[in-house]
2 protein chains.
Amino acid sequence: MPEQPVRAKLVDVAERAGVSKATVSKVLNGRQDLSVRPETRRRVHEAAEELGYRPHSGARALAGASTHALALLVPALANPTYVTIARGAYQRARELGYLSLLAEDFDGQEADESFNDLVQDGRVDGLLIASARPGHPLLDALSRSRVPHVFLNRSVAGSGRNVTMDVARSSITALDHLHDLGHRAVGHIAGPPGITPSEVRKEAFLRHARELGLSAAPVASGDFTEDGGVSAALELLRPADGGTRPPVTALYTSSLAQAIGAMAAVRDLGLRIPEDVSVVGNDDLPVAGHLSPPLTTVAMPLYELGTAAVEALVAAIQGQPMGDVVVPTEPRLVLRGSTAGPGETP
Amino acid sequence: MPEQPVRAKLVDVAERAGVSKATVSKVLNGRQDLSVRPETRRRVHEAAEELGYRPHSGARALAGASTHALALLVPALANPTYVTIARGAYQRARELGYLSLLAEDFDGQEADESFNDLVQDGRVDGLLIASARPGHPLLDALSRSRVPHVFLNRSVAGSGRNVTMDVARSSITALDHLHDLGHRAVGHIAGPPGITPSEVRKEAFLRHARELGLSAAPVASGDFTEDGGVSAALELLRPADGGTRPPVTALYTSSLAQAIGAMAAVRDLGLRIPEDVSVVGNDDLPVAGHLSPPLTTVAMPLYELGTAAVEALVAAIQGQPMGDVVVPTEPRLVLRGSTAGPGETP
DNA sequence: AAGTTTCAGTCAACCGGTTTCCTCAGACGG
DNA sequence: CCGTCTGAGGAAACCGGTTGACTGAAACTT
């Protein structure tokens, strides 16, 4: 006898607990504008539990309350960085009673679509946006509507809704490591211009290179991809006129994918890692440990970035004033085989 | 004067078109059980267009109609394979008027949570499940509820709802390639037992190895991860008692990550790729081209898998009978530097 | 003892669509 | 000329919650 598992409705719970719909709703939502006896409260929770009651999200949304859902917009799912962020966001959202949805925003092309599908159709209460570039079409749509949102990883100047990590510190950590090993000429592979973490890393790199008195600190930009790493690395490693050895002994990249590309480029030039060129990447993900040689990285607190962003967004949804947030966890150096002193065997 | 962009409602459209809510609803949903003059139909569409009308998803869902949303459950977002599938699913869903959401299902742990959040709360009309293992808790929940769903990439025997690729063919393609190069002893790194594509690839590998008359065709299993590839590779490459050379001259792996791990293991043993050991992986994703050496792969039609699964699911939601589906696109060999004849320099 | 608070919850109107059953006008048939 | 049928569209119930206004009883004041 396959029981038809009819969804329990609010009225069913009410009936079972011997109270009215209104009471059940208020009790379950923990509203404090209602006074109930502890005994009644208990009965309600019990009834809901026994019936396996779950409110219908559509009905809730319709009744003017919230959908209890958020959406995280990322520029590229294939980038595992965002996967880690998404996990953090999902978990924290759950703990706060929200569902975090994930949407890929193919560089603006689909931003409007996603925005419409999610926000306009009333499926989510707020957005976590990791894909905002200056001039991104989404920014318009956002300012036009009044949807709560935060920017993460990218920051939008003056928005007062940026959730970021201490990206500058990651450059300092990486550079200190290379300097300690004896490197005096280090190249930086930056991300595309206009993207906050990319710019900040570059500035911090240049500033700290001056502070350390490096003899050379050239920078080349490339996409946050393997290919971007390849071309930037080739640019940085090209010997000066008449020279035969590359002008730097180490490379520090803004993303993990760039580091992978850079390593490939180094090898293509017939150079060895780390004997001829050391490489340090950003973002510590499993693949870093399986490269050849294993890649030294700066581990960024990606998971925490996700959780912090959700906390900020939920606070905003609940009407609290927003401000920029910086994740307190510091970047941490993960030492592997891709770095050694110049000319040294590891 | 910042205009408050009040969401246009059904009744607004009705008013503007000079008809009733009911008519608008029927016209916009393209119901054929209603007869309207072309002229009226035009006016309705025009009014909706001008007001930028978008139905409130919650209200629709509540009124008994569909939510026009699907969810894709994947076991590991970090695996870029699923990203490609997800893109295919998203695009096709959009074309069919649906929104495809993405949820990670950490190997069953969160399956119930996701299921509840998405299905029980009435947020989606159906599920695309790429994470079903035998005994997966989700399978229970599915059979208890009556939610339309399809399985993709994994198949559940006898469900009649499996959407798959020609996985057996991928083994044949890879093996033919290695055989053509002159390899007579090839090892296969399979995925975990119990997972369909893993089993099918293994069976096809063994069968075709017999057909080709290979002298050795050992198999080792490992997770679909880099680590899984490492340990399986070490197992396959261990020289026989008293021997000094590995017993195989080529490795064929069930996933891309395994191939990356296998390559690392080969190098750790002091062997060269492809001179000493050739490696072929499955699933052609950008990273494959940036490994050292670039990895020869069998490109599986992942995007098409996503689109086909959505088509099947939407058909099911609309009440059409379901059946297993195999994506017609054949696996395709992508030749790169990780394969050569045994002992040959590429 | 009568009036005023406070407590503990209830009533009923909404939210924005969908759907079923009607109605009304004109065409058609006899 | 009257009844019926058909095409075109409308009225209202309903989906399952939420919410602010309201009520009845008990407790507290003066």
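First the proteins, then the strands, lettered A, B, ... as listed; each starts at 1.
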- Message: Mind checking if N29(B) touches a base, just sugar-phosphate, or nothing, with heavy atoms under 4.0 Å?
- Response: sugar-phosphate

Atom pair distance, as rounded to whole Å: [atom1] in [X] and [atom2] in [N]:
X: E15(A); N: dG16(D); atom1: CD; atom2: C1'; result: 15 Å
X: R123(B); N: dG16(D); atom1: CZ; atom2: C1'; result: 14 Å
X: H56(A); N: dG16(C); atom1: NE2; atom2: P; result: 17 Å
X: D121(A); N: dG17(C); atom1: CG; atom2: P; result: 10 Å
X: L10(A); N: dC11(C); atom1: CG; atom2: C1'; result: 14 Å
X: K26(B); N: dA8(D); atom1: NZ; atom2: P; result: 13 Å
X: D33(A); N: dA8(C); atom1: CG; atom2: P; result: 14 Å
X: L28(B); N: dG9(D); atom1: CG; atom2: C1'; result: 15 Å

[X] with [Y]: basic N within carboxylate O range, under 4.0 Å:
X: R94(A); Y: D117(B); answer: yes
X: K26(A); Y: D33(A); answer: no
X: E46(A); Y: R43(A); answer: no

- Item | side chain to side chain contact (heavy atoms under 4.5 Å, CB included) between D324(B) and T164(B), worked out | CA-CA 8 Å; D324(B) 287 354; T164(B) 54; over 6 Å; no

Does a side-chain N or O of [X] approach OP1 or OP2 of [N] to a distance below 4.0 Å, or not?
X: Y53(B); N: dG17(C); answer: yes
X: T23(B); N: dG10(D); answer: yes
X: S35(A); N: dC7(C); answer: no
X: R31(A); N: dT19(D); answer: yes
X: R60(A); N: dT18(D); answer: yes
X: T40(B); N: dG9(D); answer: yes
X: R37(B); N: dG9(D); answer: yes

- Query: Under 3.5 Å, is there an N or O donor on one side and an acceptor on the other linking the side chain of K21(B) and the base of dG9(D)?
  - Reply: no

- Query: Does a distance-only test, which skips hydrogens and angles, find a donor-acceptor pair under 3.5 Å between the side chain of K9(B) and the base of dG16(C)?
  - Reply: no

- Note on the structure: When A59(B) and S20(B) are each assigned the nearest nucleotide of DNA chain D, the 5'-most assignment goes to S20(B)

- Message: Nearest heavy atom decides the nucleotide; on that basis, is V36(A) or A63(A) closer to the 5' end of DNA chain C?
- Response: V36(A)

- Message: Between D105(B) and H136(B), is the side chain to side chain donor-acceptor pair (under 3.5 Å) condition met? List the steps.
- Response: CA-CA 11 Å; D105(B) 166 10; H136(B) 194 290; 3.1 Å; yes

